[in-house]
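Notes follow once the structure below has been shown.
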Number of protein chains: 2
Amino acid sequence: MKKKAVINDTPVCQVRMQAISDTMSILSGKWKFHILGTLIEGDKLGFMDLLREIDGIGTKMLSKELQDLEMNHLVSRKVMDTKPITVEYAITEYGATLAPLINELAKWGIAYRESVHGGE
Amino acid sequence: MKKKAVINDTPVCQVRMQAISDTMSILSGKWKFHILGTLIEGDKLGFMDLLREIDGIGTKMLSKELQDLEMNHLVSRKVMDTKPITVEYAITEYGATLAPLINELAKWGIAYRESVHGGE
DNA sequence: GGAAGTACTTTCCAAAAGGAAACTACCTTA
DNA sequence: TAAGGTAGTTTCCTTTTGGAAAGTACTTCC
């Protein structure tokens with residue numbers, strides 16, 4: 001009889017793999033985690049604030065990624081009627097549920113750095 | 001005086017953002033999480049096993065991503081001298097430290113599905 | 001009236017990512 | 001000796017991603 005590994009055939013694993021795909025497709029791209037991370041730290045930031053905070057991002061990407069995040073209800077956008085019109089971006093209650101994930105991401109990255117420079 | 005949000009200027013945040021970049025660059029691409037997730041569930045899988053388990057992946061991508069993961073010590077590769085040569089891929093001890101992150105990813109994705117179909 | 005600040009959008013382009021199919025290579029079974 | 005299974009590699013092509021720069025629009029300050 002032929003041995004066949006079929007762990008992925010169980011409904012549990014199918015769901016799990018699908019869930020990972022879902023999450024990654026919502027959080028895809030180079031900047032989403034940075035934007036979310038920044039908005040989780042400091043709440044209510046303007047477009048130019050975010051542009052300054054997030055090192056290396058340009059206006060096109062920031063604008064596009066914010067729209068994506070807003071569409072998925074992770075970030076809120078509120079136009080204020082101030083003298084020069086300003087916009088307040090903030091993390092939503094739902095977006096805040098990503099905090100544990102982002103923390104794991106950061107935690108692992110920090111441990112990785114330490115393991116690379118381990119001997120020093 | 002001009003109000004400037006400078007939350008990202010603190011060393012803590014710099015490190016945090018850098019850590020997120022590090023993690024995401026190591027785990028970049030469409031397939032890394034799927035491969036790691038599969039290897040965390042079932043240990044010791046052959047190339048063809050993985051090809052069957054991971055729905056949609058092709059040989060080129062699987063081969064390339066496995067090399068990346070091996071280079072970063074997240075996955076081990078052992079050539080067995082069986083009749084038709086086989087290769088055993090397994091998660092390393094270090095790779096297993098990604099389990100909490102992958103669990104968060106899966107957990108959030110499952111919750112997301114539920115929130116979308118919330119009313120039903 | 002011109003500079004500067006707000007918040008974007010648009011265009012144009014280069015690089016990276018990824019898929020399909022074919023090919024290599026070696027071994028076993030029928 | 002042909003088929004089928006192991007484990008890949010290579011080529012060619014399309015799609016996706018993302019960056020730089022310029023443009024839009026409106027307002028306030030000097």
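Remember, it's a predicted structure, so these values are computed and weren't measured experimentally. Letters A, B, ... are given to chains in the order of the sequence lines, protein chains preceding strands, and every chain is numbered from 1.
- Heavy atoms of B/E88 sit nowhere under 4.0 angstrom from any nucleic acid atom.
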Checking side chain to side chain contact (heavy atoms under 4.5 Å, CB included) for the pair B/I102/A/R16: CA distance, chi angles, key distance, verdict? CA-CA 10 Å; B/I102 294 178; A/R16 190 182 161 80; 3.5 Å; yes

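- Residues satisfying the side-chain contact (heavy atoms from CB on, under 4.5 Å) criterion with A/A111, sequence neighbours excluded, are absent altogether.
- Distance B/K78 NZ to D/dA7 C1': 17 Å, rounded to the nearest Å.
- For the pair B/T23 (side chain) and B/A19 (backbone), a donor-acceptor distance under 3.5 Å is present.
- The side-chain hydrogen bond (donor to acceptor under 3.5 Å, both in side chains) search around A/T92 returns none, not counting sequence neighbours.
- In this structure, A/D81 atom CG and C/dT6 atom P are separated by 17 Å, rounded to whole Å.
- Between the side chains of B/T82 and B/T86, at least one donor N or O lies within less than 3.5 Å of an accepting N or O.
- If you check residues 57-66 of chain A against DNA chain D, the residues with a heavy atom closer than 4.0 Å are A/K60, A/M61, listed by number.
- The hydrophobic clustering, which links ILVMFWY residues whose side-chain heavy atoms are closer than 4.5 Å, places A/M48 and A/M80 apart.
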Quick one, give me the B/S/- string for nucleotides 25-30 of chain D, reading 5' to 3', where B means a protein heavy atom under 4.0 Å from the base and S means that only happens at the primed atoms, P, OP1 or OP2. --SS--

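- No option in A/K107, A/R113, A/E114 other than A/E114 meets the side chain to side chain contact (heavy atoms under 4.5 Å, CB included) test with A/I110.
- By the side-chain contact (heavy atoms from CB on, under 4.5 Å) test, A/E70 pairs with A/R77, sequence neighbours left out.
- Judged by distance alone, the side chain of B/K32 and the main-chain N or O of B/S28 form a donor-acceptor pair under 3.5 Å.
- Taking atom CD on B/Q67 and atom C1' on D/dG8, their separation rounds to 9 Å, with Å as the unit.
- The side chain of B/Y89 contributes an N or O atom lying less than 4.0 Å from OP1 or OP2 of D/dG8.
- The stretch residues 19-35 of chain A has no heavy atom under 4.0 angstrom from DNA chain C at all.
- In this structure, A/I54 atom CD1 and D/dG19 atom P are separated by 12 Å, rounded to whole Å.
- A salt bridge between B/K78 and B/E88 is absent, with no side-chain N of the basic residue lying under 4.0 Å from a carboxylate O of the acidic one.
- Looking only at atom types and distance, the side chain of A/H34 has a donor-acceptor partner in the side chain of B/S21 under 3.5 Å away.
- Going from atom CG of A/L51 over to atom P of D/dG19 covers 12 Å, rounded to whole Å.
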